[in-house]
Amino acid sequence: MSLMDVITEALALTGNLERDKALHYLADSARMLTGAEFSAISVLDSHGETMEFFQSGLDEETAKALGRPPRGHGLFHRVPPFGYLIDNDLPPEPRKPHKPEHPPLNSFLGVSIPIDQQVWGRLYLTNKPGGFTDDDGANMRLLARAAAIAVTNSRLYAQARNRAGWLNATQHIVSALLEGTDEDEALEVITHEMRLAAEADAAVMVLPSINNTWVGEIVDGDAGDLLGVEFPPNGRAQTTISEQSGMVIDSMQRLRTIRLDQMRQWGPALYAPLIAKGSGKGVIILLRRPGKKEFNLHDLAMGESAAKQAAIALELAEARFASELAAELDQRSRISRDLHDLAIQQLFASGMHITAVKEDLEQRDLPAEVFDSLNHAIKAIDDSVSQIRAIVRRLRDSESSAAVAPRLADEASKARELLGFAPSLIITWNGEPFETENEMTLIDDAVGADIADDVVAVVREGLSNAARHAHASSVSVHVDTSPDELVVEVADDGDGITPTLGRRSGTSNLAARARRHRGEFSLGPREGAKGTVMRWSVPLR
């Protein structure tokens with residue numbers, strides 16, 4: 001082996017941008033240049049344990065039979081961080097009867113591969129006829145330095161490709177949100193695209209849920225057991241949200257404290273918070289299987305950036321929805337003005353004209369049928385005016401100007417088509433049913449316009465959830481109001497609560513509405529009966 005041969009191999013090695021190919025090339029070149037029988041590259045993790053192993057000289061069947069690669073103890077651990085170790089007089093190793101016979105070793109050369117003043121990996125060579133020399137050690141150190149350059153170049157190359165992948169993922173996320181994708185589907189797109197960009201095996205999005213909890217709402221990849229799981233208040237997920245700063249875990253299996261058993265099966269993890277307007281909206285957790293390469297600071301930076309872009313895009317999507325809603329309200333207002341100022345006035349004028357004609361005809365001796373027809377026409381016009389006025393009231397402010405009871409009755413009527421049957425609606429005051437419609441104004445006086453809108457939205461969402469998920473044959477809505485509290489209960493006899501891969505955004509919205517009024521929200525099985533009951537309550541004082 002000449003120095004020129006080593007330099008030639010080193011130059012060829014540094015030009016390889018594919019890391020795995022470069023390491024296989026290093027193992028083959030080192031074995032060929034030294035005349036060793038076997039060679040191997042051990043890539044170390046942050047704890048100094050072998051994370052990846054590339055060997056040369058063993059056939060595939062023998063290498064597979066040997067099982068786990070060396071862990072870095074004993075002879076391997078003695079390799080100096082910035083030099084080499086030679087041992088040409090290895091003692092015979094005892095063989096375990098249940099293990100395949102390892103090829104006998106009689107000589108050893110170990111060289112560290114330092115990158116950024118740390119031992120990134122080691123080059124092992126064994127069984128050179130006549131033993132290894134210091135020249136072999138010096139030449140392999142030169143080759144190891146070339147390998148360090150190759151690994152650094154491949155890392156930069158991989159980072160460039162990785163950055164392109166993250167940018168592509170961010171583009172897909174933003175495009176999906178700005179094209180009008182609904183929130184549930186948008187969150188699924190975010191989770192999926194970030195998993196692909198990070199080359200993760202699974203991704204979990206943790207979002208606010210009922211009773212001030214944070215739950216795994218969206219899952220992508222092989223982590224279905226984390227769907228619907230509540231993340232503990234002092235855990236890493238909520239810490240990431242509260243501190244608005246991501247984190248990288250080298251291996252979930254190595255953690256001394258872990259509060260969720262479902263997380264123990266995973267290896268490397270990355271936590272990236274969703275931050276918008278200075279507050280944490282949630283966190284996405286990217287997971288890899290044990291033994292996979294760890295997430296690095298570049299991955300963290302790209303993950304945090306993509307998560308922030310996704311959060312901003314969500315804010316823009318919400319703003320767009322608000323703008324569309326404002327435009328719809330403006331259109332409703334215009335239509336209501338036109339109906340009031342034009343249609344009603346025209347009908348009113350027609351009614352006055354027919355009334356005047358009738359008064360003129362009453363002075364003549366005409367058949368009674370004529371006056372019956374005129375009376376019928378006048379009544380029809382009056383009915384039309386009343387109907388148009390009701391439509392105008394419903395168009396204004398998205399029906400918020402109407403009384404609560406009629407609005408709730410309207411929601412129950414609309415739900416008939418979704419449910420396939422009419423839900424029952426009971427409205428009470430202090431637990432007692434109303435005797436007259438005028439008494440129902442007590443609700444409006446007690447709750448006010450702001451809470452009234454939320455009450456209608458809660459009933460609508462409760463009926464919608466029952467229609468979509470419960471497969472029920474009966475649904476009942478009970479709204480009870482007192483001077484101190486308003487309570488809404490929606491109960492069904494359906495299948496009960498079943499986690500799905502989609503976010504339970506409806507229930508999250510209900511919880512948010514309750515929190516806004518210092519109220520409470522719960523969703524659970526009916527006591528002593530099949531089905532689910534949703535309870536929403538807010539104080540009125």
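- Closest approach of L510 and M534 over heavy atoms only: CD1-SD, 3.4 Å.
- Between S251 and W266, the closest heavy-atom pair is OG-O, 4.3 Å.
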field: side-chain contact (heavy atoms from CB on, under 4.5 Å) between E294 and R288, worked out
entry: CA-CA 8 Å; E294 300 171 5; R288 288 174 180 163; 5.9 Å; no

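- Contact detail for M194 and A272: the closest heavy-atom pair is CE-CB, 4.5 Å.
- What you find for D480 and G431 is that their closest heavy atoms are OD1-N, 2.6 Å.
- Between V479 and V459 there is a side-chain heavy-atom pair separated by less than 4.5 Å.
- You'll find the side chain of L300 reaches within 4.5 Å of the side chain of L270, heavy atoms only.
- With contacts defined as side-chain heavy-atom distances shorter than 4.5 Å, the pair V477/L408 does not qualify.
- With a 4.5 Å cut-off on side-chain heavy atoms, Q265 and R289 count as touching.
- In this structure, CG in D484 is found 8.5 Å from CG in N430, a value given to the nearest 0.5 Å.
- Listed for the N465 side chain is no donor-acceptor partner under 3.5 Å among the backbone atoms of G462.
- Put simply, the side chain of K293 reaches to within 4.5 Å of the side chain of E199, judged on heavy atoms.
- Taking the charged nitrogens against the carboxylate oxygens, R407 and D453 do have a contact shorter than 4.0 Å, which makes a salt bridge.
- Proximity of a side-chain donor or acceptor of S305 to a complementary backbone N or O of A301 within less than 3.5 Å is not detected.
- Within the 4.5 Å cutoff, the side chain of I354 has heavy atoms near those of the L374 side chain.
- For the atom pair CZ (R195) and CG (D222), the distance works out to 9.5 Å, reported to the nearest 0.5 Å.
- Listed for the D493 side chain is a donor-acceptor partner under 3.5 Å among the backbone atoms of S473.
- A salt bridge does not link R513 with E461: every distance from a Lys NZ or Arg NE/NH1/NH2 to an Asp or Glu carboxylate oxygen is 4.0 Å or more.
- The shortest distance between side-chain heavy atoms of H478 and V487 does not fall below 4.5 Å.
- When side chains are defined from C-beta on, T481 counts as touching L540, because their heavy atoms get closer than 4.5 Å.
- Taking both residues in full, the closest heavy atoms of A200 and L286 are given as CB-CB, 4.1 Å, listed atom of the first, atom of the second, then distance.
- Within the 3.5 Å criterion, the main-chain N or O of A237 finds no donor-acceptor partner in the side chain of W214.
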task: I would like to know whether W536 and D454 meet side-chain contact (heavy atoms from CB on, under 4.5 Å); could you show each step before the answer?
output: CA-CA 10 Å; W536 189 90; D454 280 335; 4.1 Å; yes

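- The nearest pair of heavy atoms linking A307 to L274 is O-CD2, 3.2 Å.
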